[in-house]
2 protein chains.
Amino acid sequence: MKTPKVEKFGSEEDVVQLADLFRLMGDASRLRIIVSCLGDPISVGDIAAQLDLSQSLVSHHLRLLRAARVLKAERRGKQMFYSACDAHIDCVITDMMAHVGEPLDIEESD
Amino acid sequence: MKTPKVEKFGSEEDVVQLADLFRLMGDASRLRIIVSCLGDPISVGDIAAQLDLSQSLVSHHLRLLRAARVLKAERRGKQMFYSACDAHIDCVITDMMAHVGEPLDIEESD
DNA sequence: CAAATATATGAATACCTATTCATATATACT
DNA sequence: AGTATATATGAATAGGTATTCATATATTTG
């Protein structure tokens, strides 16, 4: 039996939760911040400097990303270091880049 | 020199393009529409009926998804059938669901 | 304690977008 | 031709949101 319906999601809440995560990655500044945190934990100031974004903006975005459990924070002295909560976000980004790199398949139906 | 260790993206345009794709998936209605199109091609009317969305709304979303090369359209008589452009979108959604299903790594025990 | 540094937060705003309603266009059928 | 069906599109709007500026909070050090 072929895939019946949209049983990909368990519930409606799953869809909303997934969409929320995608929306968080759907902003260029935020996506850059996420990528900055994929390696070793990095401080807020370093993120801002590296991406040339205001400290305030970075902090606002980090709060959203932390609330959505995309990133986690850890204090080291005066600084806060952020890193990814798990490795799946990295996978998602990698997959999406593969999609972007996909050659356009115009019409090959023949 | 400006060599951020964020070498994940080739260029700034890549980030924007990726973010655009994530933003498209960041709306619950649109995400449902995408998932509806992951299997066999499906008509606009069937998507609307299946997801209980207005025909107009579905059509508006489909236009965006088609423009972003997430979905492709094919005419069959009076109807238009939509399906995914490639398999990566499916991978991305699957990965993200794994992320959602990830256990919280904070101290929740005890 | 006070000063300096690092980060967070609140408010204001300008922009964006999801949705609806009405209407246009395309295709099939008689 | 005209009618019915399926989809697309334009305009309007309500709600959302990314960004900036100013300020507050936390932490270390003198």
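By convention in this document, chain letters (A, B, ...) are assigned in the order of the sequence lines, proteins followed by strands, and residues within each chain are numbered from 1. Keep in mind that what you see is a predicted model, and the values were worked out from it rather than measured. Because only heavy atoms are used, hydrogens play no part in the values below, and waters and symmetry mates are left out as well, while side chains stay in.
Distance A:Leu53 CG to C:dT7 P: 14 Å, rounded to the nearest Å. Atom P of nucleotide D:dT7 and atom CD1 of B:Ile33 are separated by 13 Å, given to the nearest angstrom. Distance CG (A:Leu64) to C1' (C:dA8): 12 Å, rounded to an integer number of Å. Across the protein-nucleic acid pair, B:Leu24 atom CG and C:dA18 atom C1' stand 13 Å apart, rounded to whole Å. Rounding to whole angstrom units, CG of residue A:Asp46 and C1' of C:dT5 are separated by 14 Å. Spacing between atom CG of A:Asp20 and atom C1' of D:dG16 amounts to 13 Å, rounded to whole angstrom units. Rounded to an integer number of Å, the gap from A:Ile47 CD1 to C:dA8 C1' is 14 Å. Atom pair B:Gln79:CD and C:dC29:P shows a separation of 12 Å (rounding to whole Å applied).
For B:Ser56 and D:dT9, a side-chain-to-base donor-acceptor distance below 3.5 Å is present, hydrogens and geometry of angles not being considered. Counting atom types as modelled, B:Gln55 pairs a side-chain N or O with a base atom of D:dA8 as donor and acceptor under 3.5 Å.
Counting non-hydrogen atoms under 4.0 angstrom, B:Phe81 reaches nothing in the nucleic acid. Among the atoms of the strands shown, base atoms are found under 4.0 Å from some heavy atom of A:His60.
B:Met96 approaches A:Ile89 most closely through the heavy-atom pair SD-CD1, 4.2 Å. The shortest non-hydrogen separation linking B:Leu24 to B:Arg30 is O-NE, 2.9 Å. For the pair B:Ala19 and A:Asp27, the tightest heavy-atom approach, listed with the atom from each and the gap, is CB-C, 3.9 Å.
Counting heavy atoms from C-beta outward, B:Met25 and B:Ile93 have side chains that approach closer than 4.5 Å.
Nearest nucleotide to the side chain of B:Ser59, out of C:dT7, D:dT19, D:dA8: D:dA8. Each of C:dT9, D:dA8, C:dA6 was ranked by its minimum atom distance to the side chain of A:Lys78; first place goes to C:dA6. Side-chain proximity of B:Asp27 to C:dT27, C:dT9, C:dT19: nearest is C:dT19.
The phosphate of C:dT19 (OP1 or OP2) has a side-chain N or O of B:His61 nearer than 4.0 angstrom. The phosphate of D:dA6 (OP1 or OP2) has no side-chain N or O of B:Tyr82 nearer than 4.0 angstrom. Note on A:Ser54: a side-chain N or O is less than 4.0 Å away from OP1 or OP2 of D:dT20. Here A:Arg63 reaches the OP1 or OP2 of C:dT9: one of its side-chain N or O atoms lies under 4.0 Å away. Taking 4.0 angstrom as the limit, A:Arg23 places a side-chain polar atom (N or O) nearer than this to OP1 or OP2 of D:dT17. Contact between the side-chain N/O atoms of B:Arg30 and the OP1/OP2 oxygens of C:dA18 is found at a separation under 4.0 Å.
When hydrophobic clusters are built by joining Ile, Leu, Val, Met, Phe, Trp and Tyr residues whose side-chain heavy atoms come closer than 4.5 Å, directly or via intermediates, B:Leu31 is grouped together with B:Leu51.
Note: A:Phe22 and B:Phe22 have parallel aromatic rings, judged against thresholds of 30 and 60 degrees for the angle between ring planes.
Toward the 5' end of DNA chain D, the nearer of the two residues A:Leu57 and A:Arg75, judged by each one's closest nucleotide, is A:Leu57.
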